[in-house]
Each structure stands twice: as C-alpha cells, then as structure tokens.
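Take a look at the structure set out below.
In what follows, every heavy atom counts, from backbone to side chain, and hydrogens, waters and symmetry copies are set aside. Chain letters run A, B, ... following the sequence lines, proteins first and then strands; every chain starts at 1.
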Protein chains: 2
Amino acid sequence: MIGMTATGTIVCCTEVGPALAGRDAERIATVFKALGDPTRVKLLSLIAASDAGELCVCDLTEPVGLSQPTVSHHMKVLVDAGLVHREQRGRWAYYRPTTEVLEDATRTLIDS
Amino acid sequence: MIGMTATGTIVCCTEVGPALAGRDAERIATVFKALGDPTRVKLLSLIAASDAGELCVCDLTEPVGLSQPTVSHHMKVLVDAGLVHREQRGRWAYYRPTTEVLEDATRTLIDS
DNA sequence: ACTTCAGATCGACACATGTCAATATGACGG
DNA sequence: CCGTCATATTGACATGTGTCGATCTGAAGT
C-alpha cells in the first residue's frame, strides 16, 4: 500500500494486522515441517494408499530404501506432528494417517 | 498386514504399492518445507490476511521482528516454492499468495 | 550525476537435521 | 528363561538452515 506523509513523501508501509500468535505459528510449522522431507512424504503416501489403511515399519523400509532406524525416526517425527497414529499390536507397530491435522493447519494458515 | 509363509511362520510384511516418484515427493516436500518455519507461516498469514491481498517487505519486518535481509530470504523461499508471487512496482516488491500450490501438494499427497 | 531509499545478495556463524551402525527394549515361541 | 524377531534409542557425523551485519543493485527524486 502506498501512502503519503505530512511532508508529501510517498511511503509504502502502513499498519498491518497482527501476525499469528507465536505458538500457533510454531504448531502449524511443526506439521508442515514434518512433511518437508521427501522420505516422509513417501512414507505418508504409502500408508495413505495402502489397502488396509495402515502399515508397519517392516512394510516401509524397502520402498523408501533406507535403514530401519532411519524409517523409525521419520515415523516418530510424523507421530509427534500428529499426522499419523501409532498402534502397537504384538510385535508390530502399525501406523495410520490422521488427515484432519493437515487440513486444520492449512485452514488456520489461510483463513486467519 | 499379517500373512503366513509355507512353513507356517507368521510374517508381517506384504507387498505394498509403489511410493510416490522421487521427483514428485521432492516437489511436494519443497512446498511443505517452505511452510516448516514459524516465521514463514507468520509471513504468509500476514499477506493472506491483508486488506489489499498483497504486502511489501517493509510491511513485514516489524510484525515478525526480524532484520530486512532475513525477511527477504524467507520471502525468496516462499517464492521458490511457488507459494507466493512477487511483483516489482517502482521501488517496492509486492507479494501475493498463490493458494493453489498448497492445495495441489496436499491432494497429491493424500490421493495417490 | 549524486543521493536516497527498498530490497537482494554475500559471508559467516550457531544450530538443527538426515543418516547409519551399534545397541537397547520388549514381545513372542520353544 | 533363552533366543529371536520387530522396533526404538543412542552416538556420531556430514550437511542443511536461520540469522545477522555488511555490501551490492536498481529505482526515484533533486
């Protein structure tokens, strides 16, 4: 926006609405940051596209071509961001996507 | 998924659909990574919420409390990700959000 | 042309992040 | 209980990232 001071100088800056609160911005950034890595994008898409709607780590290491600890680490990031839900059944850990979190983050970012 | 080998051993892993192609995953990750920082979340929300639908750098430094070079750097990241459009008018550079990119990334991630 | 002003780029620094091998944990089967 | 299997955690390392001060680039105005 272009305005003008009392002396006639053209200025650009005008007052602007308040930014998102710091905590909100950090919460939203955490969600997006979790998806800011190609490996985690692949992992989530694999789970979302699976027939059963859930997969365990052993299903995931081979498609992404990374070691088991690395996949485990990435899954923890996705869980901490609230993007997937972890359920232990016997020896295996099953992961299922929770799509609302991504939708909420996007809405909060755009609407407010 | 739980299956069983010819010898009767219970196994977990079954074949699974192919992951997103590497380039698609990287393209999507670039978009989300750009939003994976609280400062950039604030910047985009400030622009999206502004009355004119666009803002210049001088409007943005004060709300986020960072130096001009740092804000400039963050805006470049957002532009490179395709999340905002940059237009030079006179001395000022105006930024406007391009929401389709975020929607597309989300859709590609979830649907395929 | 010289100055001023908005914004971008550069160089440097501290800190975060992705990766792996090695090890720990915890569940199941014999 | 003892071994095995699936997964998590730890420690280490290279690379990436956010930030700033200093400087460069261009556009107006005088």
Interatomic distance where CG belongs to B:Leu78 and P belongs to D:dT17 [whole Å] | 14 Å

To the nearest Å, give me how far apart CE (B:Met75) and P (D:dG18) are.
-> 14 Å

Protein N or O to nucleotides 16-21 of chain C N or O, pairs below 3.5 Å:
| residue | atom | partner | partner atom | Å |
| --- | --- | --- | --- | --- |
| C:dT17 | OP1 | A:Lys33 | NZ | 3.2 |
| C:dG18 | OP1 | A:Arg40 | NH1 | 3.4 |
| C:dG18 | OP1 | A:Arg40 | NH2 | 2.8 |
| C:dG18 | OP2 | A:Arg40 | NH1 | 3.4 |
| C:dT19 | OP2 | A:His74 | NE2 | 2.2 |
| C:dC20 | OP2 | A:Ser67 | N | 3.1 |
| C:dC20 | OP2 | A:Ser67 | OG | 3.0 |
| C:dC20 | OP2 | A:Thr70 | OG1 | 2.7 |

A:Val41 versus B:Leu109, closest heavy-atom pair with distance = O-CD1, 3.6 Å

In whole angstroms, how far is the C1' atom of D:dA6 from the CD atom of A:Glu87?
-> 16 Å

To the nearest angstrom, the CG-P distance between A:Leu60 and D:dA8 comes to 10 Å

Quick one: label A:Arg86 by what it contacts on the DNA or RNA (base, sugar-phosphate, nothing), any heavy atom closer than 4.0 Å.
-> sugar-phosphate

Contact summary for A:Thr30 and A:Ala81, nearest pair of heavy atoms = O-CB, 4.0 Å

Closest approach of A:Arg96 and A:Gly53, non-hydrogen atoms and distance?
-> CG-O, 3.3 Å

Considering only D:dT7, C:dG7, C:dT4, which nucleotide approaches the side chain of B:Cys56 most closely?
-> C:dG7

Gap between atoms CD and P, on A:Gln88 and D:dC5 respectively (whole Å) = 17 Å

How long is the line joining CH2 of B:Trp92 and P of C:dA6, in whole Å?
-> 7 Å

Spacing of OH belonging to B:Tyr95 relative to NZ belonging to B:Lys76, to within rounding of 0.5 Å | 9.5 Å

For residues 45-69 of chain A, which residue pairs qualify under ring-ring contact (aromatic ring centres under 6.0 Å, His included), counting only residues two or more places apart or in two chains?
-> none

Between D:dC5 (C1') and A:Asp59 (CG): distance, integer Å | 15 Å

Minimal heavy-atom distance between A:Pro97 and A:Ala48, with the atoms involved, is CG-CA, 4.1 Å

